[in-house]
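As the structure is a prediction and not an experimental result, all values here were calculated from the model.
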Amino acid sequence: MFEKSAQLYDVIYSFKDYKQESEQIREYIQSRHPDAKSVLDVACGTGKHVEFLNQHYKVDGIDLNKEFVALAQQRNLDSSFWCEDMTQFDVGHKYDVVMCLFSSIAYAKTLDAVVRTVQQFSNHLEDGGLILIEPWFTPDAWQQGFVSMIQHQTEEYHICRMTHADTENELSILNFEYLIGSKAGIEHRKERHELGLFRQEELTRAFESVRMKVEYDPVGLIGRGMYVLRLARWK
Ligand SMILES: C[S@@+](CC[C@H](N)C(=O)[O-])C[C@H]1O[C@@H](n2cnc3c(N)ncnc32)[C@H](O)[C@@H]1O
């Protein structure tokens, strides 16, 4: 996913306020783990949360997309980034906080894979650490057939991305079509993303199955909610 749009990602999501979100993330951390010093951003994309959180913590990241990993590294020279699959990884370090934002967890697609993924997060957690997971839509909230459009302009090109939301075999499908206009002409690209749709109770049970104590904030950073997990033995 994002294979045909990695270089466009920051332009397409320029409406997203990463600074403000990072301040909110810091509040989640400070209020629960004021001694935290290190953060691992799982599915870090182009490293924009890392850029702001780096002012307070030592932040590293992983992502499956190697172009994103390179962009994140360019943006954050003092951090380490690895091209890794969140469902199975070992970066050889532990962190006070492991976070997985902007619904990236749903790319695991199935609850079994979510369980495996959170087990990896737990393996990378220092004693007393926190896991922050910003979820995707629940099945009830998913609007099959919904169409949306984003357009943006830089000095080099105009981009228009139209999205059609679908459902297949209990997965949410995002069909993206891009029109990228530049001096060279207008290019058309297509991308299909598949994300799991999970109910709150299902995610809570999945997290509890890997011995996590689960706190749920229904609002989170952008209205999608936020799960705050810690190992059940920590108060
Ligand atoms: C919606 S983007 C979020 C990126 C970033 N966290 C942000 O807030 O902008 C989803 C990210 O999940 C990554 N991703 C999807 N599946 C993954 C996997 N199995 N392992 C690691 N990263 C994955 C994608 O490459 C992409 O960077």
Side-chain angles (χ1 to χ4, degrees), residues 21-45 49-50 53 56-64 80 82 84-141 170-171 195-235:
E21 290 188 11
S22 300
E23 281 162 13
Q24 285 175 259
I25 292 160
R26 185 152 185 257
E27 281 165 27
Y28 280 111
I29 299 174
Q30 286 304 106
S31 57
R32 291 164 182 83
H33 193 1
D35 298 334
K37 292 186 173 49
S38 59
V39 178
L40 180 66
D41 187 358
V42 172
C44 62
H49 289 115
V50 177
L53 288 168
H56 306 284
Y57 310 102
K58 164 87 177 86
V59 192
D60 295 332
I62 70 160
D63 200 280
L64 192 57
S80 300
W82 297 274
E84 292 282 349
D85 181 344
M86 65 183 172
T87 65
Q88 184 159 35
F89 70 98
D90 179 2
V91 301
H93 300 279
K94 291 196 176 206
Y95 297 84
D96 296 315
V97 178
V98 177
M99 63 181 199
C100 185
L101 304 176
F102 204 15
S103 307
S104 306
I105 191 73
Y107 284 96
K109 294 193 203 175
T110 65
L111 280 170
D112 282 350
V114 168
V115 169
R116 272 204 309 281
T117 303
V118 179
Q119 184 61 60
Q120 315 300 307
F121 297 177
S122 176
N123 296 345
H124 287 80
L125 210 56
E126 291 282 10
D127 283 352
L130 281 186
I131 297 175
L132 298 173
I133 298 178
E134 186 182 20
W136 179 230
F137 291 92
T138 59
D140 293 349
E170 299 180 10
L171 290 173
L195 295 91
L197 290 168
F198 309 120
R199 288 191 292 277
Q200 191 190 330
E201 313 78 69
E202 291 176 317
L203 282 179
T204 300
R205 271 202 303 277
F207 300 150
E208 285 174 347
S209 77
V210 284
R211 291 177 297 117
M212 290 289 157
K213 202 172 108 201
V214 181
E215 182 191 340
Y216 178 65
D217 165 6
V219 180
L221 307 178
I222 54 168
R224 291 187 186 178
M226 183 71 81
Y227 290 91
V228 183
L229 315 180
R230 13 187 23 158
L231 269 175
R233 68 173 186 275
W234 297 96
K235 296 277 177 240

What distance separates [X] [atom1] from [Y] [atom2], expressed to the nearest 0.5 Å?
X: Met86; Y: Leu40; atom1: CE; atom2: CG; result: 12.5 Å
X: Thr110; Y: Leu171; atom1: OG1; atom2: CG; result: 9.0 Å
X: Arg211; Y: Leu231; atom1: CZ; atom2: CG; result: 6.0 Å
X: Ile222; Y: Gln24; atom1: CD1; atom2: CD; result: 10.0 Å
X: Ser122; Y: Ile131; atom1: OG; atom2: CD1; result: 5.5 Å
X: His93; Y: Asp60; atom1: NE2; atom2: CG; result: 6.5 Å

With side chain to side chain contact (heavy atoms under 4.5 Å, CB included) as the test, would you mind laying out the steps for Val115 and Leu111 before giving the verdict?
-> CA-CA 6 Å; Val115 169; Leu111 280 170; 5.5 Å; no
Take Gln30 and His56 through the side chain to side chain contact (heavy atoms under 4.5 Å, CB included) test and state the conclusion after the steps.
-> CA-CA 11 Å; Gln30 286 304 106; His56 306 284; over 6 Å; no
Does atom CD of Glu215 have more than 12 heavy-atom neighbours from other groups under 6.0 Å away?
-> yes
What do you reckon, is CD of Glu23 surrounded by more than 12 foreign heavy atoms closer than 6.0 Å?
-> yes
If you compare all heavy atoms of [X] against all heavy atoms of [Y], which two are closest, and at what distance to 0.1 Å?
X: Gly92; Y: His124; result: N-NE2, 4.4 Å
X: Lys58; Y: Ser80; result: NZ-N, 4.3 Å
X: Gly196; Y: Trp136; result: O-CD1, 3.2 Å
X: Pro135; Y: Ser103; result: O-OG, 2.9 Å
X: Val228; Y: Leu130; result: CG1-CD2, 3.9 Å
X: Cys44; Y: Asp63; result: N-OD2, 3.3 Å

Whether Ser104 side chain and Cys100 backbone form a donor-acceptor pair below 3.5 Å =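 Not a single qualifying donor-acceptor pair exists.
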Output yes when a side-chain donor or acceptor of Arg230 lies under 3.5 Å from a complementary backbone atom of Gly128, and no otherwise.
->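 Looks like yes, one N/O pair under 3.5 Å.
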Whether Tyr227 and Phe207 hold their rings parallel, tilted or perpendicular, with breakpoints at 30° and 60° | perpendicular
Derivation of the salt bridge (Lys or Arg N to Asp or Glu O under 4.0 Å) call for Lys37 and Asp35 = CA-CA 6 Å; Lys37 292 186 173 49; Asp35 298 334; 5.6 Å; no
In the structure I gave you, are the side-chain heavy atoms of [X] and [Y] within less than 4.5 Å of one another anywhere?
X: Leu221; Y: Tyr28; answer: yes
X: Ile29; Y: Leu132; answer: yes
X: Val39; Y: Ile25; answer: no

Intermediate values then yes/no, side chain to side chain contact (heavy atoms under 4.5 Å, CB included), Glu170 and Leu197 = CA-CA 7 Å; Glu170 299 180 10; Leu197 290 168; over 6 Å; no
Glu21 meets the salt bridge (charged side-chain N to carboxylate O under 4.0 Å, His left out) criterion, sequence neighbours left out, with Lys16
Among Ile105, Leu101, Val98, Val42, find the residue that satisfies the side-chain contact (heavy atoms from CB on, under 4.5 Å) test when tested with Ile133.
-> Ile105
List the steps and the verdict of side chain to side chain donor-acceptor pair (under 3.5 Å) for Tyr57 and Asp96.
-> CA-CA 10 Å; Tyr57 310 102; Asp96 296 315; over 6 Å; no
Asp85/Thr87 under side chain to side chain donor-acceptor pair (under 3.5 Å): CA gap, chis, key distance, verdict | CA-CA 5 Å; Asp85 181 344; Thr87 65; 3.0 Å; yes
